[in-house]
Amino acid sequence: EVVDRHLDGALAAAVGTAGELIGSVVHEVGWAKPYPEYAGEPDMDAMRANYSYAPIIGSAEEAISGGAVAAPYLSDEVFVGLVLQGPGCDYPSHVHKSEEIFWVTAGTSDWQMGDQWRVEGPGGVIHHESGVRHATVTRDEPLLMLFAWVTDPGCIPVIVRRCARCRNRCRGPGSRPVTAIRRTGPGCVARGATDGSAPSACTRPRWGSTVPTVWPDRVVVRRVSSG
C-alpha cells in the first residue's frame, strides 16, 4: 500500500504550515483509494495502486471511495483532506464541479491545467476552478498534499477520455498522451449539460490564481462522536 511505503518519508519531508497541519491530524484520519467504479481499467488500476487520500472534513457519506472511509469532522459545506501520491504515479486528466486548492508539502510533480503543464514542489499552491481538466504526474518521490474543495463538496470527479469538442488528445510532459473527456450518457458529465454540448473544460483555461475565488463565509464543522 502506498501509505505503508511512503507516508512516513513524506511526513518527514513535509514543509510549511500545511505540513504542520497534516502532522497534527494524520493519526486521526483513515485512508482510501478513489474511483472504485474504474477498477479493471489498466491506467486507473495503476494509479489506484499508488495513490490514496484521507478525508479530514466532509460529509457523513463519502462517495468518491464508495463509502470506504469517512471524515472525522463533518460538514456539508467543504471537503478537506490529505493526498498521498507515490513516485511515478500518473493521475489522469479529470474534471469536477468543485473549486479546488492543493497545498504541496512534500514532493515535486508535473501538473496539468487545460493544455498547459508546469512543475510544482514543496510550498506550491495549486488552484483549479470549477470544470477545468487537470492531472498530476509524480516524479521519483512521493507527493503529500493538503486539499480543499470549497464549492460543491459532494460532486464526483470524472476521468477525462476524449474531448467532445475538438476530438484531439492533449499531451503531457515528454509528449506522453494524456486522456481527454469521458462521457457516461447523452449529457456532458463535466458540466451537467443535457444537450450533448462539450464542457468548458475543453477550452484553453489559463492558470488560476493561488487564492480561491469563492470561500464560504462560515463553515459549520461537527466532530464525529467516538461513542
Side-chain angles (χ1 to χ4, degrees), residues 1-36 38-39 41-58 62 64-66 68-72 79-96 98 100-113 116-128 133-149 157 159-160 172-174 176-179 207 210:
E1 291 292 324
V2 66
V3 173
D4 295 333
R5 296 193 307 267
H6 298 297
L7 179 59
D8 288 345
L11 286 171
V15 301
T17 302
E20 295 175 1
L21 176 59
I22 290 174
S24 70
V25 300
V26 68
H27 299 297
E28 296 186 52
V29 300
W31 294 86
K33 298 181 184 301
Y35 303 112
Y38 289 91
E41 299 186 18
D43 60 336
M44 292 302 294
D45 286 346
M47 175 261 179
R48 295 179 72 242
N50 205 15
Y51 182 101
S52 193
Y53 76 103
I56 300 172
I57 303 172
E62 201 286 306
I64 298 175
S65 67
V69 69
F79 181 32
V80 178
L82 313 179
V83 164
L84 180 64
Q85 189 168 331
C89 179
D90 187 342
Y91 188 159
S93 189
H94 58 287
V95 293
H96 44 71
S98 63
E100 173 182 67
I101 307 97
F102 285 106
W103 292 267
V104 180
T105 68
T108 299
S109 303
D110 297 292
W111 288 80
Q112 177 204 30
M113 178 184 278
Q116 303 176 20
W117 287 83
R118 73 177 183 186
V119 177
E120 286 287 353
V125 180
I126 297 94
H127 172 216
H128 297 136
R133 59 184 170 89
H134 51 282
T136 312
V137 182
T138 52
R139 298 188 174 187
D140 58 357
E141 56 190 347
L143 175 65
L144 179 63
M145 302 181 290
L146 177 71
F147 75 85
W149 284 10
I159 298 298
V160 172
R176 288 189 300 167
V178 178
T179 54
W207 282 103
T210 58

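- Between atom OG of residue S93 and atom NE2 of residue H134 there is a gap of 8.0 Å, rounded to the nearest 0.5 Å.
- For the residue pair T105 and M145, the shortest heavy atom distance occurs at OG1-N, 4.3 Å.
- Rounding to the nearest 0.5 angstrom, the gap separating the OH atom in Y38 from the CE atom in M47 is 10.5 Å.
- Between the side chain of T136 and the backbone N or O of W111 there is no donor-acceptor pair closer than 3.5 Å.
- Rounding to the nearest 0.5 angstrom, the gap separating the CG atom in L84 from the CH2 atom in W31 is 5.0 Å.
- Rounding to the nearest 0.5 angstrom, the gap separating the CD1 atom in I22 from the CH2 atom in W103 is 10.5 Å.
- Looking at residues two or more places apart in sequence or on another chain, you find a salt bridge (Lys or Arg N to Asp or Glu O under 4.0 Å) between E120 and R118.
- A donor-acceptor pair under 3.5 Å is formed between the side chain of Y53 and the backbone N or O of S65.
- Screening T138, D90, L144 against Q85 for a side chain to side chain contact (heavy atoms under 4.5 Å, CB included) leaves a single residue, T138.
- Every residue meeting the side chain to side chain donor-acceptor pair (under 3.5 Å) condition with E141, not counting sequence neighbours, appears here in chain and number order: T108.
- For the side chain to side chain contact (heavy atoms under 4.5 Å, CB included) test, no residue two or more places apart in sequence or in another chain qualifies with A46.
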Review item, side-chain donor-acceptor pairs of residues 1-15, under 3.5 Å, at least two apart:
| from | atom 1 | to | atom 2 | distance (Å) |
| --- | --- | --- | --- | --- |
| E1 | OE1 | K33 | NZ | 3.2 |
| R5 | NH2 | N50 | OD1 | 3.1 |

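- Distance check, rounded to the nearest 0.5 Å: CH2 of W117 to CD of Q112 gives 5.0 Å.
- Y35 contributes atom OH, which lies 4.5 Å from atom NE2 of H94 (distance to the nearest 0.5 angstrom).
- The ring pair (Phe, Tyr, Trp, His ring centres under 6.0 Å) test applied to Y51 returns Y91, not counting sequence neighbours.
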